[in-house]
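A quick note: this is a predicted structure, and the numbers were derived from the prediction, not measured. When reading the values below, keep in mind they use all heavy atoms of this one structure, side chains included, and skip hydrogens, waters and symmetry mates. Quick note on labels: first sequence line is chain A, next is B, and so on, each numbered from 1.
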There are 2 protein chains.
Amino acid sequence: MFFRPSRIMVSIMSTPENVASHAAVRMEDVAKRAGVALGTVSNVLNQPQKVSQKTIDKVVLAIDELGFVPNRAARALAAGTSNTIGMVIADLSNSFFVDMARGAERLASESGINVVLANTDMRRSKQAANLNLFRQERMAGILLAPLPGADPTLLTSNATPLVFLNDAAIVGACTVSVDNEHGGYLAASHLLGLGRRRLLFAGDPDQAVPIADRYRGVERAVAEVAGATLELARTPEVQAENGRELGIELTQRASVDRPDGIVASADLLALGLVQIFGADPSIRIPEDIAITGYDNNRAAWDSLIPITTIDQPGEQIGAVAAELLLDEIRFPETHRHVHSVLQPSLVVRASTRRP
Amino acid sequence: MFFRPSRIMVSIMSTPENVASHAAVRMEDVAKRAGVALGTVSNVLNQPQKVSQKTIDKVVLAIDELGFVPNRAARALAAGTSNTIGMVIADLSNSFFVDMARGAERLASESGINVVLANTDMRRSKQAANLNLFRQERMAGILLAPLPGADPTLLTSNATPLVFLNDAAIVGACTVSVDNEHGGYLAASHLLGLGRRRLLFAGDPDQAVPIADRYRGVERAVAEVAGATLELARTPEVQAENGRELGIELTQRASVDRPDGIVASADLLALGLVQIFGADPSIRIPEDIAITGYDNNRAAWDSLIPITTIDQPGEQIGAVAAELLLDEIRFPETHRHVHSVLQPSLVVRASTRRP
DNA sequence: ATGATGAATTGAAGCGCTCCAAATAGTTGC
DNA sequence: GCAACTATTTGGAGCGCTTCAATTCATCAT
């Protein structure tokens with residue numbers, strides 16, 4: 001009943017392993033084998049500088065012979081602390097978050113700290129469960145890339161050090177986020193610098209805080225240039241499909257009423273626009289309409305006309321967050337919470353400027 | 001020196017938390033507070049059916065008042081086993097693997113088991129390190145989506161139950177993989193069923209075992225249909241760029257020499273082809289050339305002409321693997337290793353058949 | 001009431017490791 | 001050769017929790 005084979009399945013049975021279960025090799029066994037005290041084995045593993053080379057060799061040999069694998073549960077219990085940190089990620093399907101994980105991992109490993117991940121999968125209940133799990137595991141610290149609009153109270157009140165990624169709206173903890181307003185400003189300034197004056201922003205600022213921030217940046221850039229205008233085209237979502245719908249709408253306008261520069265609030269949205277305009281011989285990209293995306297997705301790369309975009313420094317976010325967390329772990333008394341805001345950068349491709 | 005702020009950073013200092021560090025709430029404290037014995041608290045947590053409702057209430061109240069968080073390290077040590085399983089993933093940037101993680105998680109959570117992830121990031125050394133970490137943590141079991149061509153010896157020899165995902169070439173452990181040969185067969189049969197007779201396979205079978213398998217499936221399908229021919233176009237990689245290069249090459253052929261059906265060994269490759277053919281008014285998709293991809297990536301969805309593709313059952317792989325692992329964990333003596341092979345499925349879109 | 005029976009609770013023995021005071025071995029200077 | 005140190009090694013006391021035999025409580029038939 002429990003083991004229900006999947007519908008279609010070729011099964012080849014093999015005999016169960018009859019290896020002697022070495023489930024029971026403990027440090028004590030190693031000590032005995034090496035002819036030293038238990039504490040010495042522990043020292044070889046954790047403070048080798050306190051042990052003579054001769055003894056180290058004996059112990060290492062015994063460890064190999066016995067296939068000893070230290071028990072971290074016991075270690076964590078005795079030492080009162082683990083050397084792995086847990087990272088709770090809102091959505092692993094989003095490469096932005098995976099980049100953060102990579103950055104955090106890289107930095108942590110420089111200090112010999114491991115990082116394990118838990119996927120929230122966009123579900124609030126899983127976020128809480130994962131957070132709990134890591135706290136119960138007595139992880140040295142937690143990195144949290146929260147769901148948008150998550151309850152800060154629930155998350156902050158605890159003894160385990162915790163830093164927030166991609167969310168600046170938390171007090172009482174370190175946060176690392178990226179300046180979306182500046183990203184919008186960068187994209188718009190780029191278009192304006194190319195001589196575009198009739199800009200259009202695609203996306204709904206009321207739909208998400210980051211998009212609202214981007215929109216504000218665009219507004220600011222436009223306000224700085226005399227004669228520049230800005231139109232807002234709200235889209236229900238930011239998928240390629242929405243971009244195509246908007247694109248079709250724009251192709252039906254008289255060309256003088258069309259924008260000559262579009263800031264899309266996401267790469268997929270930009271992709272949809274490029275697909276439609278690219279298929280219309282009367283519209284040239286970037287001569288007639290220049291388009292920028294946002295996020296530096298694969299989609300932007302893989303478009304027939306590669307899309308200019310705003311790159312979010314995911315790895316850097318992860319690394320800075322790990323750095324802050326390690327500081328809090330190591331120096332709990334002197335640690336001060338920091339709100340770090342990183343800057344996105346413009347990646348110019350063919351959708352705004354001919355190569 | 002340690003805390004090196006990133007180049008650009010706005011910092012807002014806040015006072016360190018002066019919350020009473022409740023780092024020290026133990027089960028014993030809860031017991032005292034509730035006026036019961038230590039063991040009773042443990043029972044409330046693990047065997048509530050053995051405890052009277054009145055006592056449960058008292059204990060739960062005390063837990064809340066004290067903010068007690070059970071220590072899993074101690075639990076794992078005392079119980080000799082954890083209830084979380086570790087999953088080591090070759091490449092989290094690949095959504096196929098993320099799907100597997102999601103499937104494993106879903107199934108495990110049905111049994112109250114947690115899943116934590118570690119990203120190998122395509123590096124062999126990290127794969128070994130992560131595996132070690134999980135074994136040291138005494139995870140209940142390990143799910144491994146290994147790097148291609150990984151050393152089976154290193155991986156198998158251990159006491160912790162371990163099942164391999166997306167890799168059938170391992171003996172002495174359960175494996176769950178997908179039938180690439182059948183996938184290739186499906187794609188080719190689809191095209192042949194649409195009346196196509198001059199097929200072309202895009203991709204290099206010598207580059208990876210799965211691609212070779214897919215190619216064999218295509219060959220088999222072609223062999224079954226009289227008059228059908230198959231051409232092999234080797235591409236150095238399977239990116240959109242390679243698809244475009246091949247596409248350009250094909251547009252330069254006389255139309256009678258062109259294939260009327262293309263099986264691309266990956267979606268991005270198909271995307272590149274569709275981009276080129278779509279921009280050439282003399283070639284209609286799918287009338288002149290029908291194209292299939294492989295993997296069911298976002299890229300296939302988001303293409304201007306959505307691409308027919310082969311969907312790999314990532315979630316199912318994860319779920320079946322978790323199921324096998326749980327069986328091995330629960331019934332170590334009766335467990336038999338199983339090699340489960342799942343079937344991919346065809347997803348028809350506009351690149352082969354007009355909607 | 002009384003003993004019997006089962007349910008609820010208790011309390012202590014570990015789980016495997018780290019940490020540290022104490023004991024021992026090894027060195028150096030005179 | 002001996003005191004004075006320093007470098008190693010030792011062994012035992014926990015870390016916080018699960019387990020389980022033993023004990024106490026509650027019920028019920030007699």
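- Separating the CG atom of A/Asn71 from the P atom of C/dG14 is a distance of 18 Å, rounded to the nearest angstrom.
- Residues B/Leu165 and B/Met87 have side chains in contact (heavy-atom distance under 4.5 Å, counting atoms from C-beta outward).
- As a whole-Å value, the separation of B/Lys32 NZ from D/dC17 C1' is 15 Å.
- Under the 3.5 Å distance criterion, the side-chain polar atoms of B/Asn46 are matched with a main-chain donor or acceptor of B/Ser42.
- Here D/dT9 is the nucleotide among D/dT9, C/dA8, C/dG16 with the atom lying nearest to any side-chain atom of A/Ser52.
- Residue B/Asn43 places its side chain closer to C/dT9 than to any other of C/dT9, C/dT18, D/dC17.
- With C/dC15, C/dC19, C/dT18 as the choices, the nucleotide that has an atom nearest any side-chain atom of A/Gln47 turns out to be C/dC19.
- In this structure, of C/dT18, C/dT9, D/dG11, it is C/dT9 that holds the atom nearest to the side chain of B/Val51.
- The nearest whole Å value for the distance from the CD atom in B/Glu28 to the P atom in D/dC17 is 9 Å.
- Taking only side-chain atoms of A/Ala79, from C-beta outward, the nucleotide of C/dC17, C/dC19, D/dT10 with the closest atom is C/dC19.
- One interatomic measurement links the two molecules: CD of B/Glu137 to P of C/dC15, which rounds to 21 Å at whole-angstrom precision.
- Under 4.0 angstrom from either OP1 or OP2 of C/dC17 there lies no side-chain N or O belonging to A/Ser42.
- Look at CG on A/Asn46: it is 14 Å from C1' on C/dC20, rounded to the nearest Å.
- When distances are taken from the side chain of B/Thr40 to each of C/dC17, D/dG16, C/dT9, the shortest belongs to C/dT9.
- Rounded to an integer number of Å, the gap from A/Arg75 CZ to D/dG16 P is 16 Å.
- Of the residues listed (A/Leu325, A/Val338, A/Ile317, A/Asn166), the one engaging A/Val176 in a side chain to side chain contact (heavy atoms under 4.5 Å, CB included) is A/Ile317, and it is the only one.
- When the C1' atom of D/dT23 is taken as reference, atom CG of B/Leu38 falls 17 Å away, rounded to whole Å.
- The separation between B/Leu45 atom CG and D/dC17 atom C1' is 10 Å, rounded to whole Å.
- Evaluated for a side chain to side chain donor-acceptor pair (under 3.5 Å) with B/Asp29, the options B/Arg33, B/Arg26, B/Lys32 yield exactly one hit, B/Arg26.
- Among the atoms of the strands shown, none is found under 4.0 Å from any heavy atom of A/Gly80.
- Both B/Gly35 and B/Leu77 sit near DNA chain C, but only B/Gly35 has its closest nucleotide nearer the 5' end.
- Residue whose closest nucleotide on DNA chain D sits further toward the 5' end, between B/Lys54 and B/Ala73: B/Ala73.
- At least one donor-acceptor pair closer than 3.5 Å links the side chain of A/Asn94 to the backbone N or O of A/Phe96.
- Of the listed nucleotides (C/dT10, C/dT18, C/dG16), C/dG16 has the atom at the smallest distance from the side chain of A/Ala74.
- At the heavy-atom level, B/Val41 lies nowhere under 4.0 Å from the strands shown.
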